[in-house]
Asker: 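Pasting in a structure now, in structure tokens, and then I'll have a few things to ask.
Chain A is the first sequence line, chain B the second, and so forth, proteins listed ahead of strands; every chain is numbered from 1.
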Amino acid sequence: MKDAIDAGIRAALDAAQQSGALDAFDIADTGIERPADPANGEYTSTVAMRSAKLARKAPRAIAEAIVAHLPEMGGVDRVEVAGPGFINFHLSKASANDVFNQVRAQGADFGRSTFGGGTKVQVEFISANPVGPMHIGHGRWAALGDSLCNVMEHAGYDVQREYYINDHGSQMDVFGSSIAVRYLQLVELMGEGATLDEAKEALVADREASLDEAALAEEEGREADAARFPFTAAFNDALGGNAYGGDYVVDLAARFIELDGDSLAELPDDERIASFRERGYRMMLDSIRETCHEARCDFDVWFSERSLYVPDEDGKDAVHRAFDQLAAMGHTYTTDDGALWFRSTSFGDDKDRVLVKSNGEYTYFASDVAYHWNKFQRVDHVIDIWGADHHGYIKRVDSACEALGYPGRFEVLLGQLVNLLRGGEAVRMSKRKGTMVTFDELLAEVGCDATRYTLVSKSSNQMIDFDIELVKRQDNTNPVYYVQYAHARICSILRRAAGVTFEQAQELGMDEVAQMAVGSRADVSLLVDETEAALARKLSEFSSLIEASARDRAPFRLTHYAEELAAQFHSFYTVCHVLPREGYPIDEDLSRARLAACDATRRVLALTLSLIGVSAPERM
RNA sequence: GCUCCUAUAGCUCAGCUGGAUAGAGCGUCGGACUUCUAAUCCGAGGGUCGGGGGUUCGAAUCCCUCUGGGAGCACCA
């Protein structure tokens, strides 16, 4: 319809200019919008205001001239000039309500567009290091990333979801060493007669107490007395303060005791560390994979950083291919100490960046250069989702992508961080005090629907205070249930109209139930109530919502839309009875038309929820 | 010192790349179930869009500047 109006206005402009009613001028955009106030019609054009300067005429006069030359347009009932020069288009009921039929015909394909033009886009997100469990922040990237991928797919992009596994750097050794020290401490305690559980408890209690002491010392402005906590002190000494201290490391060490007994205590240090590093890595990665799946977020590619250092059939690894490409363009140099540098200042970075350290080790950035080079061998466009704490890293990676020959094809979606609260209090990670909240624990306690809905519902550049007690509430303060309730209500009406029970509907599927309820045809022009018009208007916004959400990388808009659509339905439900009942006789054709409107609403609610990874229950 | 995000109703946030009288939810107050799911609906109240300049037919939106809040500025990963 929008295209038809655009064409009509252009034709009218031509005609008006030829007849001499308007001076000759070109306008790029006819400025077609949907008025906020329905009294102003279904569509409006701001073309008269936009062209006032070019036409050297008052906007209202231009608008009048255009309207006078407007060709006959099917589905348009009435055109008027309003306000400073808006041209408002009022559609006929049949035309405005046709969206109900379109939704029912297109089903889950409703709102699909070719906006993305099939561009191959890779979205990389979460990418938590495989040295610990996922936390709430990773959960936000899961909700944001997966929803963005869904909406971009719906908007016509060819999307690949990727998780980057940082399994190469020295943090992997630190991880292995951390487990190893805990393992030896457990072995020692058990050698003194403790059970495994007692030994674990001793280590965890020692750590908790030392954290409390550190906090207290900080408060009192004195040095903490570390010697009072022998296991923690020994742990920190052994690893030079560079350690993974979380309680889950004690759990991992205990698991290895269960698997191997104390047999690894006899091994040389490096062998023991390597064993724990590799096996701990696998366990963590498996658990991350499982948590992602629980969050309904599954990846196409799990990309290992180590693979960047594996030579291909020509004997060269990705890191050196990327280095070669940079060197060929003259973007690298070597300093006297032997370090290899990337001249990122050529691309606007504050300082040049080290790729290979003077001691011969590769930096994390070297991996990232190679990784992004590799990405561009596979896709046209790259979107990385990063936490706001990494924003200082954007310029150098962007510089590298440009230097490698892929300018303008790299993009970072920066997400602000999440504060985890419970009843208004910041949650401190402490397993012993029962406040350790990993993302899988959060999903189990709160549920995936409310968690994902809440995490995706704010713009990615807004901070989120995630209060577990608030998100858990199943009442009207929680918008996810408001939307789901609208869906469940519709399903109930359709079941009743079709004469089937909930169980039968489960068997048949709601699409089939709706078909039974509505029948083969429905005359939607019978829907003349204000609330019905509002419902049609909201549904017809869906395709532009998809495009805007994909374009702006802003899936949070889907939640607002879902709430608006649900609200329109609830209003409609209150005013318009769908099924005839005692005391409320309803014409059969009108009832059928309303059932069609219900079904269309149900489908779009379900579709919108599915795009953000939230279920659409058929009964609540 | 520099960089990024942010400031809109009591609270949490929208405002679709500059459009008509700035919206929604929660909270407050007042109404609506013998009736298709009341996890609902209807109504009322609530605003110097952080301050100050500028751009133009028109600014919450764009530009400059000041202020408050959050995050970051490694041959760490």
Side-chain angles (χ1 to χ4, degrees), chain A residues 31 33-37 39-40 44 46 49-50 52-53 58-59 82-86 88 129 131 166 168-172 174 242 305 335 337-341 350-351 353-359 361-365 367-368 387-395 414-417 419 457-465 470 474-479 481-482 484-486 488-497 541 544-545 547-549 551-552 554 556-557 559-561 563-564 566-567 569-584 586 591 594 598 619-620:
Chain A
E33 299 164 15
R34 308 189 71 94
D37 185 346
N40 292 322
T44 192
T46 55
M49 279 104 85
R50 288 163 186 269
K53 195 166 256 178
F86 292 99
N88 295 337
N129 290 353
V131 293
N166 293 119
H168 181 263
S170 57
Q171 90 279 357
M172 293 304 293
V174 173
N242 187 14
E305 181 183 0
T335 43
D337 57 9
L340 179 69
W341 293 75
D350 298 333
K351 50 172 294 200
R353 305 293 171 177
V354 175
L355 293 166
V356 181
K357 304 183 214 171
S358 50
N359 66 6
E361 285 175 14
Y362 291 84
T363 61
Y364 181 78
F365 181 58
S367 288
D368 256 351
D389 51 340
H390 287 77
H391 100 270
Y393 207 72
I394 296 175
K395 189 67 211 173
L414 214 57
Q416 299 297 311
L417 304 177
N419 295 315
S457 64
K458 280 171 106 169
S459 157
S460 57
N461 40 27
Q462 286 279 1
M463 273 188 341
I464 295 184
D465 285 333
L470 294 184
Q474 301 199 7
D475 58 24
N476 64 345
T477 60
N478 206 341
Y481 299 111
Y482 179 82
Q484 289 185 322
Y485 182 64
R489 249 183 166 182
I490 297 174
C491 290
S492 172
I493 297 173
L494 292 173
R495 281 195 300 267
R496 185 174 287 249
E541 283 172 19
S544 57
L545 168 80
E547 288 184 6
S549 304
R551 180 196 64 207
D552 300 338
F556 77 93
R557 287 194 190 132
T559 62
H560 296 285
Y561 177 80
E563 286 165 43
E564 289 160 8
F569 175 76
H570 287 309
S571 293
F572 157 80
Y573 177 90
T574 307
V575 176
C576 297
H577 294 275
V578 177
L579 302 174
R581 273 161 303 141
E582 206 180 317
Y584 290 92
I586 294 172
S591 177
R594 285 182 175 166
C598 287
R619 182 169 68 179
M620 286 174 76

Asker: Where the side chain of A/Thr477 is concerned, which of B/rA14, B/rC26, B/rA77 is the nearest nucleotide?
Answerer: B/rC26

Asker: Would you classify A/Tyr482 as touching base, sugar-phosphate or nothing, given that sugar-phosphate means primed atoms plus P, OP1 and OP2, and contacts are heavy atoms under 4.0 Å?
Answerer: sugar-phosphate

Asker: Partner lookup for B/rG1, please. Criteria are Watson-Crick or G-U wobble with both distances under 3.5 angstrom; report none if nothing qualifies.
Answerer: B/rC73

Asker: Measuring from the side chain of A/His391 (C-beta onward, heavy atoms only), which nucleotide among B/rC36, B/rC4, B/rA77 has the closest atom?
Answerer: B/rC4

Asker: In Watson-Crick or G-U wobble terms, both distances under 3.5 Å, what is the partner of B/rU48?
Answerer: none

Asker: Under 3.5 Å, is there any donor-acceptor pair linking the side chain of A/Asp350 to the base of B/rC2?
Answerer: no

Asker: Say whether, by atom type as modelled, one donor and one acceptor occur between the side chain of A/Glu541 and the main chain of A/Arg34 under 3.5 angstrom.
Answerer: no

Asker: Using a 3.5 Å distance criterion without hydrogens, assess whether the side chain of A/Thr363 forms a donor-acceptor pair with backbone atoms of A/Val356.
Answerer: no

Asker: Examine distances only and state if a side-chain atom of A/Ser591 and a backbone atom of A/Ile586 form a donor-acceptor pair shorter than 3.5 Å.
Answerer: no

Asker: May I ask you to say what A/Ser549 touches in the nucleic acid, namely base, sugar-phosphate or nothing, with a heavy-atom cut-off under 4.0 Å?
Answerer: nothing

Asker: Say you pick atom P in B/rC42 and the same atom in B/rG70; how far apart are they, in whole Å?
Answerer: 39 Å

Asker: Hey, does the side-chain of A/Thr363 have a donor or acceptor N/O within less than 3.5 Å of a partner on the base of B/rA74?
Answerer: no

Asker: Would you please classify the geometry between the A/Phe569 ring and the A/Tyr573 ring as parallel, tilted or perpendicular, with 30° and 60° separating the classes?
Answerer: tilted

Asker: Would you indicate which nucleotide in B/rG15, B/rG72, B/rA20 comes nearest to any side-chain atom of A/Arg557?
Answerer: B/rG15

Asker: Using the closest heavy atom to pick a nucleotide of RNA chain B for each, name whichever of A/Ile490 or A/Gln462 lands nearer the 5' end.
Answerer: A/Gln462

Asker: For a quick check, tell me whether the side chain of A/Ser571 and the base of B/rC41 share a donor-acceptor pair closer than 3.5 Å.
Answerer: no

Asker: Closest approach to the side chain of A/Asn461, judged atom by atom: which nucleotide of B/rC5, B/rA20, B/rA77 is it?
Answerer: B/rC5

Asker: Provide the distance between the two P atoms, one in B/rC26 and one in B/rG51, to the nearest whole Å.
Answerer: 28 Å

Asker: Go through the N and O atoms of the side chain of A/Asn88 and the base of B/rA20, and report whether any donor-acceptor pair is under 3.5 Å.
Answerer: yes

